Every structure is written in C-alpha cells, then in structure tokens.
Amino acid sequence: MSKQLEIKNLSVNVEGTQIIRNLSLTVPRGEVHALMGPNGTGKSTLAKVLAGHPDYEVTSGEVFLDGESILDMQVDERARAGLFMAFQYPSEIPGVSIANFLRAARQARLEEGEEIDAVSFYKTLYEKMDLLQIDRKFTSRAVNEGFSGGEKKRNEILQMAMLEPSYAIMDETDSGLDIDALRIVSEGVNRLRGPNLGVLLITHYQRILDYIVPDHVHVMWNGTIVKSGGKELARELEEKGYDWIKEAFAEPAGKA
Amino acid sequence: MNTNTLSRTKELNIASQEAFDAHLASRVDLPQWWLDLKKEHWQRFQELPPPHRKDENWRFASLGGLDLDGYSFSETRPEESTADSFVDQSDQIRNRSGRIVFANDHLIRNDAIASELAELGVIWMPIEQAVREHGDLLRRHFMAQPIKLGSEKFSALHGAFCSAGTFLHVPKGVEIEAPLVASHWTASDGVAVFPHTLLIADEQSKVTLVDYFSAQNSSARNYICGVNDLYAGPGAKVTYISAQDWGRQSLAFHLNSTQAFKDAFITSLNVNTGGRQARTESHSQVMGEGAHTEMQSLTVATGKQEFDQRTLQTHFKGHSVSDLLYKNALFDDSRTIFSGLIKVEEDAQQTDAYQTNRNLLLSTSAEANALPGLEILANDVKCSHGATSGQIDDNQLYYLKARGISDKVAKELLVFGFFEDVLGKLKNEEIAENLRTVIREHVSRIP
C-alpha cells in the first residue's frame, strides 16, 4: 500500500457553485508540498474538504489516506486516521484548557479502556512546548482564548506535535505572523519533518517557503492545479506575480 | 385550580399523621420547645394550601410531579451492614476539618472537629445533638429566616420531620481553613428525608461548608425536602457548596436562605445533577452595609429531568453587592425554569445587584425557561439582569472533532468549558476537582 495522501479528480461545490474542479494531487509521506495561488482560487476550500468540514459537497472524485478512502469518514474519524488540519482561524474554546483538550485528543486515539498516563503526557507536552517557545503556563489556559495571532498558530503546531499525524494540511499558517513568530512556527514544523509525515502547506506568499523549504510546489488557479515544479517555482511566482498564471491559464471561454 | 393535587395532599395529611405521631413519640427525650416547634410546623403544613397553577412562584413548574403519595415518612433505618460503605463513599473531600454522615436521616458517622477548634469555641455537630446542647442558639436561628419563594408548605413539612442535619457555629474571629463536610444519603427506595444545614458564622470568622446529597442507588425514588440557613456576621467570610445528586426518580426541594451582615462575604454554589424533579429556592438577604453575596448554580439536566430554580436577592442595606450566576446545560428532553428577582429596598442606596442565567441547549427538545425580574425602590443603584439560551457553537465543536475527539466527548468538553468560569474560580482545588467529577459522572451516564 502506498504511503501517500492522494487526491484524485476531486470536484467540490459550495452552495451550488463549483469551487474545486477535477483536482488531482499526491503528497507522499516524508515530503512537504507547497500549494500556492491567488486569493479566492479554492485553496482553503480544498483544506476544509480534506479535513471533513460538513458545509462542502463533493460532487466527484476520491481522497485516499495511505490507500484508504476518507470521504465517507466523519471529521473526527479522519483525524484519528492520521490527518491533521492546522487552521487558518483556530477557534477559541472558553473554559477548556490546552492540557485537557490535548489529553482528550490523545485519549481518543487509544483503545477502549486504555487510559493516558498523566505523567508521561505532561512530560511530552512540556518538551513540545519548550521547543515551540510556548510558556508552560499556557497548559492551564483556555484553548486560544485571548491568544495573539502568533500564539494561536504556535498552538496549532503544538497540537500537531502532540498528535503526531501522518499528514498535515497547513492552511495559511503564515498569515498574520510577524517575522519572529514565523520563524518559531517554521522551526516547529521543520522539527516535525521526517519520513513519517507528509505536509501540504497552503500559502499565498512565498515568504514562509524561505523557512520551510518545500520538496514540491503546486500552483492552483480557478479550482485546479495548473502548474507543478520544484522549490524554484515559488521564487518564479514571487518575481512574476500571480498575473502571469492568470494570463497563461485563463479559461478558453474567456479568450474566445 | 388543580383539585387533583389538593385531594392527594389531603390524603397525605391523613396518611402521615401516624408517621408524624411516631416521629414525635421516638423523640420524647428532646427538649419540649423543639417538640412544640415540630407540632407548630406540622399544623402549618396541614393548613397551607398546595401550590397551584396561578401562583407566580410556580409558573412553568410541573405541579403533577409534586404528588407526595407513595413516599414513606416513617423512620427507615439503613441496614447495619451498609453503614461502612456510606462512610467510605463520603470521602470526597480528604482535607477536611470535620465530617458528618447520614443515611435515611440516621446518623452514621460523626467525625468531630480537632480539639484546637473545639477549644476556640467552634461547634460542629448533628442537629439533634445541638438541640440538646445549644438550645439557645437553635431557638434563635432554626428556620428563623422567611420562606418567600413558594415552598412555605414544604418548608413546614421540613420543620415537622427534620431530624438529620448539621449545626455549625464559628465564633468571632475564628478562621477554619479546611472545609467541614456533611454527607446525606438515601439508602432505600421510597424513603423521605429532610436534611438540614444551619451555619452561624460570627463576626470576622471564616469557614467553608460542603453538603453532599446522594443516593445509594442512582435511579432511586425518594422524597427530599432540605432546608439550609446561613448567617454571616459582620465581616465574616462564608463559602457554602452543595452537590445534589439524588436518585433519578426523586422529588427534591432545597430551600436555601442566607443573611449577610455588615461587610460579610457569602459565596454559595449549588451543583445539581440528580432528581426527577428538583426545585431550589435561594433567598439572599443583604442585612448590613458593605455586604457581598455571590450565588452560583451549575446544573446538568438530562433525560426528562426538571430543575426549577427560584431566587430572590433582597438588599435591605446599601453599598452592597449581590451577584447571581445560574448556568444550566440541558440534554435530551430535560427542562429548566429559572425565575429570579432582585429587590432593592428604599434605604439600600449604592447597591450593585446582578442576575445572570445562561442556558446551553444540547438538544432541540430541551426547554429552558427564564423569568428574570427587578424591583428597585432605591434611586442610586446599579442593577442588571439577563438570561440567554443558546446551542453549542458549531465552529468550536468542529475544531474539537478535527483533533479526533468524538462528537460525544467534544460536547462534554464544551459543557465543562461552559461551567469552568465558575469551577475555575473556586479557591479550594480539591472541591473544584470533586465537583468536576460529579458532573463528569452524570454526563457520562448519557447514552
């Protein structure tokens, strides 16, 4: 069985309008794939569909996680199957501490009747927090409540580190980060890179790719992938801008 | 007019006369004033009309559920062999200054307070012992606070049958760090119990009292009618906590009254999970300037449970604060009624009085009723009241599930989050953690 996240000919409607058009993309474990493109081209919709958001209607296509079809799975089943979504706008959960939240998430991955060992849980949690330069006092703070933009994104990476997914989709993780926060978040992701993790890094800007160097870059336009290449493609986009893509891949109907 | 309820109550009066006579007969060795008081209460119980539909204090309540038929008002001693298990289970709070345990209104265990506290004049004992040994204090304070929220009749029934409960007197200036704990159990089906709590905290004293109300069998059918009176003298700091987890077929009344004198600070928190139909009446009276009372309640309603909450915050004196927060999480076909009134008397200038009721609906068939009210006679006050009902936030639920947490556990976490602004502020972490456990066990019983 191939160890990869495979999106095959995926089409998605939102409120009757097609947003994703026959999109195919494969992210093998151990690789980081950047997905770039102008705003409104369907990048975040793709992320949400993969994570299992209930508002999106898949009209055709398949998504396989290590060969297993996931489109019929609920959002929590997908997460337990190894998929992680780093949100662009993480929710605030008043009254639920980070420690309790992560405990529940790790507990959900254990067999029925098996209990988390509290001591080793906190040991691991503190290690990961130290790496991400998150104050240990945050464990008792409510999830994302009153967090700055940078703290929320670091908290997303902390969750990713604690849940050890096989595949992570990072939706505009760089948005709203200053350069210091961007560096910390990127270092956190780089530490998690390795043969057991595949990353789909969704971004509008090339900037984060200076820190998290991708193995492949894909360009999305008008709901599908129009160009793929190596990391140099990101630089090219940065220099030429997205207008170049828009002109090159304008719909034939528009040209006629 | 609900004639059905009336006729059944009449039947009850006749049927229970024997039980009341037997109750008195077994207490002839108690002081005469106490026995006379019981007779007065019994008389009043018989005279007072049962609640009826048109009474504002009973709006939205299920009057049909108040039927007293079928409960046993006779003494039912729990089996000797079970006593130890009640004591073992009444170990919720380990770091405590004293503990008294009752089952079916019978004293099972009395762990006295440390001799250092006794030497300072602290009194902590079962109520009937206090009737014998501290008659003066009891005569002045036992059920001396007015009952105004609709359960006058049931309060009288309590006065007639009350034999179990705790009396706590903390003298001037004495501070007790570790809480005192009382535990009341129902040990058999059908039994009626009348738990009582009387706390008198003198000037500048400080104390925490915790009442646990539990059933040996979580599906038990019992009738419970409890009364709880707190007095906080000038500058006293009183924390009162109760956890009500009666059997799921039970009818329960808990009638709470507090009086806060000058600069006193009273915090009360009621956690409610038990009963088929459970009514709490809480009357907070600000008697002196500068007093501060906090009234908090956390309720988890599941199945077809009904929680009926009536509150009154009366300010007789100004420069005072009362702050009420009642939070209900409703699952399944459960219902809650919150009816609250803030009353500021003419002299009580510069009063801050707040009343908030928040309902979290976890089911479309659950029903939360809210009847907030204000009656302000002073002109220089800050008062607010508000009631909100809402469902779980879909984005929060999605976020939790996106981390692999199941729908059921995610909702539980959000319910805990909803309560945490109250539990998280408790200074005693052991009590807070135990209350979380009480709530968790109740929520985990939801299929």
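Naming convention: chains lettered A, B, ... in sequence-line order (proteins, then strands); numbering from 1 in each chain. Remember, predicted model here, so these are calculated numbers, not experimental data.
N395(B) and Y89(A) share no donor-acceptor pair across their side chains, judged by distance under 3.5 Å alone.
Residues I93(A) and L414(B) meet the side-chain proximity criterion, which asks for heavy atoms closer than 4.5 Å.
More than 12 heavy atoms of other residues, nucleotides or ligands sit less than 6.0 Å from atom CG of D88(B). No more than 12 heavy atoms of other residues, nucleotides or ligands shown are found within 6.0 angstrom of NZ on K123(A).
Contacts between L423(B) and chain A at a heavy-atom distance below 4.5 Å are absent for every atom of the residue. When heavy atoms are compared at a cutoff of 4.5 Å, Q107(A) does not approach chain B at all. If you measure heavy-atom distances from P165(A) to chain B, you find no contacts under 4.5 Å at all. Heavy atoms closer than 4.5 Å to chain A are found in the backbone of D407(B), but not in its side chain.
For the set S97(A), A108(A), P94(A), G95(A), the count of heavy-atom pairs under 4.5 angstrom toward chain B peaks at G95(A). By number of non-hydrogen pairs under 4.5 angstrom with chain A, the leading residue of R403(B), Q396(B), E412(B), K401(B) is R403(B). Interface remark: of the candidates Q159(A), Q74(A), M160(A), R106(A), Q159(A) forms the most heavy-atom pairs closer than 4.5 Å to chain B.
For F87(A) and Y398(B), the distance between ring centers is under 6.0 angstrom.
Between atom OG of residue S406(B) and atom CZ of residue R80(A) there is a gap of 6.5 Å, rounded to the nearest 0.5 Å. Taking CD1 of I405(B) as the reference point, atom CZ of R109(A) lies at 8.0 Å (rounded to 0.5 Å). One finds the CG atom of N144(A) at 4.5 Å from the OH atom of Y399(B) (value rounded to the nearest 0.5 Å). One distance of note links CG of L413(B) with CZ of F101(A); it measures 8.5 Å at 0.5 Å rounding. Rounding to the nearest 0.5 angstrom, the gap separating the CG atom in L397(B) from the OG atom in S91(A) is 10.0 Å.
Taking each heavy atom of A79(A) and G404(B) in turn, the nearest pair found is CB-N, 3.3 Å.
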